[in-house]
Q: 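Below is the structure I would like to discuss, written out as structure tokens.
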Amino acid sequence: MAVSDEEIEHVLDLFAGLGPLTTRKMFGGLAIYLDGTIFALLMSDGRTLIKGQGEMQGKFDAMGLERWTYARPGKSPTAMPYWHLPDSALDDADEATELARAALAHL
């Protein structure tokens, strides 16, 4: 299932305060970039994830954000460096932009 135009518009609106964004469709979802750096994903099921490296990993964990993990059949789960954007940020562009700026500072 691919993301809809409405979902794409919503996530781009959330992060519009960062400046000009670029995107790339991947696996039915969307990668979101600022100045060539990927910082967020819009998953094919509509979830928005934000990338965390360095200090941000601990900060996202401390905020109680859920980390994206997946498991292949017969394999152990793999944790990816992305966390679910908090529900409050999905309706608040200022909060989403603030989290993205903090994440980008560590990428």
Q: Which side chain to side chain donor-acceptor pair (under 3.5 Å) pairs, counting each pair once, include a residue from residues 58-72, with sequence neighbours left out?
A: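 For residues 58-72: D61-W83.
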
Q: Measure the CD1-CZ distance between I38 and R24 for me, rounded to the nearest 0.5 Å.
A: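 One gets 8.5 Å once the value is rounded to the nearest 0.5 Å.
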
Q: Enumerate the side chain to side chain donor-acceptor pair (under 3.5 Å) contacts for residues 91-100, please, sequence neighbours excluded, ordered by first and then second residue.
A: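 Non-adjacent pairs meeting side chain to side chain donor-acceptor pair (under 3.5 Å): S88-E95.
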
Q: Test I8 against T23 for side-chain contact (heavy atoms from CB on, under 4.5 Å), laying out the working first.
A: CA-CA 9 Å; I8 293 170; T23 62; 5.5 Å; no

Q: Ignoring hydrogens and geometry, is there a side-chain-to-backbone donor-acceptor pair from H10 to L90 under 3.5 Å?
A: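 The answer is yes, because a donor-acceptor pair under 3.5 Å joins these two groups.
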
Q: Which value, rounded to the nearest 0.5 Å, describes the distance between Y82 atom OH and Q57 atom CD?
A: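 Y82 atom OH to Q57 atom CD measures 11.5 Å (nearest 0.5 Å).
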
Q: Just verifying a value: how many Å separate L12 CG and E7 CD, rounded to the nearest 0.5 Å?
A: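 Going from CG on L12 over to CD on E7, the span is 12.0 Å.
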
Q: Minimum heavy-atom separation for L18 to A100, with atom names?
A: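 L18 and A100 have their closest heavy atoms at CD1-CB, 3.7 Å.
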
Q: Restricting to non-hydrogen atoms, name the atom on L107 and the atom on Q53 that form the minimum distance, rounded to 0.1 Å.
A: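 Heavy-atom minimum between the residues: CD2-OE1, 3.0 Å.
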
Q: If I take atom CG from residue L65 and atom CG from residue L99, how far apart are they, to the nearest 0.5 angstrom?
A: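 Here the interatomic distance stands at 7.0 Å.
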
Q: Give the minimum heavy-atom separation between A103 and F60, together with the two atoms involved.
A: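 In terms of heavy atoms, the two residues are closest at CB-CZ, 4.2 Å.
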
Q: Any chance you could measure M80, atom CE, to L49, atom CG, to the nearest 0.5 Å?
A: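 With rounding to 0.5 Å, CE (M80) is 10.0 Å from CG (L49).
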
Q: CZ/F15 to CG/L85 distance, rounded to the nearest 0.5 angstrom?
A: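 The CZ atom of F15 sits 5.0 Å away from the CG atom of L85.
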
Q: Which pair of heavy atoms, one from A96 and one from A89, lies closest together, and at what distance?
A: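 The answer is CB-O, 3.7 Å.
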
Q: State, to 0.1 Å, how close H106 and A102 come at their nearest heavy-atom pair, and which atoms those are.
A: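 Nearest heavy atoms, H106 then A102: ND1-O, 3.0 Å.
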
